[in-house]
Asker: 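Here it is, the structure in full.
So that the names make sense, note that chain A is the first sequence line, chain B the second, and so on, each numbered from 1. Please read these numbers as outputs of a predicted model, since none were measured by experiment.
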Protein chains: 2
Amino acid sequence: MNKTENSDWPAGIKRTKQREQVFSILTKSDGPLSAMDICSLTQKDGNAVWLSTVYRILELFTQKALVVKTSMQQNDMAVYELNRHDHKHYAVCVGCNKIIPIENCPIERFIPEISDSGFHVLGHKMELFGYCRECDLKHR
Amino acid sequence: MNKTENSDWPAGIKRTKQREQVFSILTKSDGPLSAMDICSLTQKDGNAVWLSTVYRILELFTQKALVVKTSMQQNDMAVYELNRHDHKHYAVCVGCNKIIPIENCPIERFIPEISDSGFHVLGHKMELFGYCRECDLKHR
DNA sequence: TCCGTAGTTGCATATGATTCGCATTTGCAT
DNA sequence: ATGCAAATGCGAATCATATGCAACTACGGA
């Protein structure tokens, strides 16, 4: 909500106080946030944004490909983060649901063969699954 | 529920009529199914499996890495499919939510650098997102 | 600068997938 | 065959997300 953030405002999106708040929170966060997380953060800010409004804003941002929506394994809450180039991927343990970051990314150099040849790729999500060392030892 | 299916029964899972039905339905399906889809199919079978039981069975199968659980973009219903080697990936349009299959897979030859070096990879999920040709032309 | 209006938000309430509790039933080891 | 631990049927609870509507706000044109 200061000058700097205003100048970064993405094109094609009408500017409102609430959208600026949500955008600013996402910009400052270094990890993905749930809608509820974001709502709570606006409350600390002194100027609360109602939860359903947060959902509507996140839906808009997702459709504009400004934000990536992900729902991690077993977790019934979707999380959102800015569609950055500097991204991370995760391995999820199906035994204990532990989430472990992957350091490299196989998709950077990948040229997908998509049947819609006009498809304009804006990003990707990837997730490995399996057993973490601990669960694997319990040979489940 | 015939001999052939019985002989395929996965190790480490107690065999019940309901689990056999769910497993058989997943085996015969060539696409991912929701819990409700599976429940409906058991009803046509004449021997209905209650929805909450289907969920419990799918959770078990997922923890045994027999089944992959996925929740596609925007769709609030999780889908499940057998963890096959012959798998597919998808590109999702953030404009219209159209789902387009990808023909090749970047992860086959990928050696991930995971901080848990004991992680036992059993499968993966991948999804591209962007605009399909049609939505891209509308320059959204 | 002020006004009109289309688009947005606050708020309450609905929706619908998934989970949970418990009494009954079933698979399997002894 | 018998007993017991585990699984299921069924109902009801939970909880994230969507929706309806009246009040409000951003923003372009006069």
Side-chain angles (χ1 to χ4, degrees), chain A residues 1 5-6 9-25 32-43 45-64 66-80 94 97 140, chain B residues 1 5-6 9-25 32-43 45-64 66-80 94 97 140:
Chain A
M1 274 160 293
E5 284 163 18
N6 285 349
W9 190 252
I13 293 177
K14 187 167 162 183
R15 187 186 297 187
T16 69
K17 207 165 7 86
Q18 293 85 342
R19 288 174 183 181
E20 282 178 341
Q21 279 183 89
V22 172
F23 183 67
S24 158
I25 285 169
L33 299 171
S34 70
M36 194 110 64
D37 292 337
I38 294 172
C39 186
S40 306
L41 287 169
T42 66
Q43 287 172 333
D45 230 36
N47 210 336
V49 179
W50 200 255
L51 184 58
S52 46
T53 302
V54 172
Y55 276 109
R56 281 186 282 225
I57 291 173
L58 289 171
E59 192 190 333
L60 173 72
F61 284 1
T62 302
Q63 287 209 316
K64 297 290 181 184
L66 192 71
V67 151
V68 185
K69 174 183 179 182
T70 317
S71 27
M72 274 284 177
Q73 189 93 341
Q74 319 306 65
N75 200 341
D76 49 5
M77 223 151 69
V79 291
Y80 303 81
V94 297
N97 294 325
R140 318 213 317 164
Chain B
M1 276 162 296
E5 284 162 19
N6 284 351
W9 191 253
I13 293 177
K14 187 168 160 182
R15 187 185 297 187
T16 69
K17 205 163 13 86
Q18 293 86 341
R19 288 175 182 183
E20 282 178 340
Q21 279 183 87
V22 172
F23 183 68
S24 158
I25 286 169
L33 299 170
S34 69
M36 193 110 63
D37 291 338
I38 293 172
C39 185
S40 307
L41 288 169
T42 65
Q43 287 172 334
D45 230 38
N47 210 336
V49 179
W50 200 255
L51 184 58
S52 45
T53 302
V54 172
Y55 274 109
R56 282 186 281 226
I57 291 173
L58 289 171
E59 191 190 335
L60 174 73
F61 284 0
T62 303
Q63 288 210 315
K64 295 292 180 181
L66 192 71
V67 152
V68 184
K69 175 182 179 182
T70 317
S71 28
M72 272 288 176
Q73 189 92 344
Q74 318 308 64
N75 200 342
D76 49 4
M77 222 152 70
V79 291
Y80 302 80
V94 296
N97 294 324
R140 317 215 318 166

Asker: Nearest whole angstrom, please: distance from the C1' of D:dA26 to the CD of A:E20.
Answerer: 11 Å

Asker: Should A:T53 be listed as having a side-chain N or O under 4.0 Å from OP1 or OP2 of C:dG10?
Answerer: yes

Asker: Between B:A48 and B:K14, who's closer to the 5' end of DNA chain D by nearest nucleotide?
Answerer: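 Its nearest nucleotide lies further toward 5', so the answer is B:K14.
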
Asker: Record whether the side chain of B:R56 comes under 3.5 Å of the base of D:dG9 through a donor-acceptor pair of N or O atoms.
Answerer: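 For B:R56, whose side chain was compared with the base of D:dG9, there is a donor-acceptor pair (under 3.5 Å).
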
Asker: Could you tell me if the side chain of A:L33 sits less than 4.5 Å from the side chain of A:L41, heavy atoms only?
Answerer: yes

Asker: A:E59 CD to D:dA18 C1': how many Å, rounded?
Answerer: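 Taking atom C1' of D:dA18 as the reference, CD of A:E59 is at 9 Å.
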
Asker: Are any side-chain N or O atoms of A:S34 and backbone N or O atoms of A:M77, one a donor and one an acceptor, separated by less than 3.5 Å?
Answerer: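 Absent.
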
Asker: Over how many whole Å does the gap from A:L60 atom CG to D:dT19 atom P extend?
Answerer: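 A:L60 atom CG is separated from D:dT19 atom P by 15 Å.
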
Asker: Can you measure B:L58 atom CG to C:dA17 atom P for me and round it to whole angstrom units?
Answerer: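 Distance check: B:L58 CG to C:dA17 P gives 15 Å.
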
Asker: Could you state the NZ-P distance from A:K69 to D:dT17, rounded to the nearest angstrom?
Answerer: 7 Å

Asker: Does some side-chain heavy atom of B:Y80 sit less than 4.5 Å from a side-chain heavy atom of B:D37?
Answerer: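 Sidechains of B:Y80 and B:D37: no contact.
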
Asker: Do B:F61 and B:K69 come within less than 4.5 Å of each other through their side chains, counting heavy atoms only?
Answerer: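 Result no, sub-4.5 Å side-chain heavy-atom pair not found.
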
Asker: Heavy atoms, side chains only, cut-off 4.5 Å: are B:I25 and B:D45 in contact?
Answerer: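 With C-beta onward as the side chain, the pair stays apart.
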
Asker: Which nucleotide sits closest to the side chain of A:M77: C:dG10, D:dT17, C:dT9?
Answerer: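 From the listed options, D:dT17 comes nearest.
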
Asker: Counting only side-chain heavy atoms from C-beta out, which of D:dA16, D:dG9, D:dT17 sits nearest to A:M36?
Answerer: D:dA16

Asker: Assign each of B:S52 and B:Q18 to its nearest nucleotide of DNA chain C by heavy atoms, then name whichever residue's nucleotide is nearer the 5' end.
Answerer: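 Closest to the 5' end, via its nearest nucleotide, is B:S52.
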
Asker: Check the distance between C:dT19's C1' and B:W50's CH2 and give it to me in whole angstrom.
Answerer: 15 Å

Asker: Atom CG of A:L51 and atom C1' of C:dA12: how far apart are they, to the nearest Å?
Answerer: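 Taking CG of A:L51 and C1' of C:dA12, I get 13 Å after rounding.
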
Asker: For C:dT18, take OP1 and OP2 only and decide whether either is under 4.0 Å from a side-chain N or O of B:Y55.
Answerer: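 Yes, within the criterion.
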
Asker: Please figure out whether A:V79 or B:T16 has its closest DNA chain D nucleotide nearer the 5' end.
Answerer: B:T16

Asker: Could you state the atom-to-atom distance from CD of A:Q21 to C1' of C:dT8 in whole Å?
Answerer: 14 Å

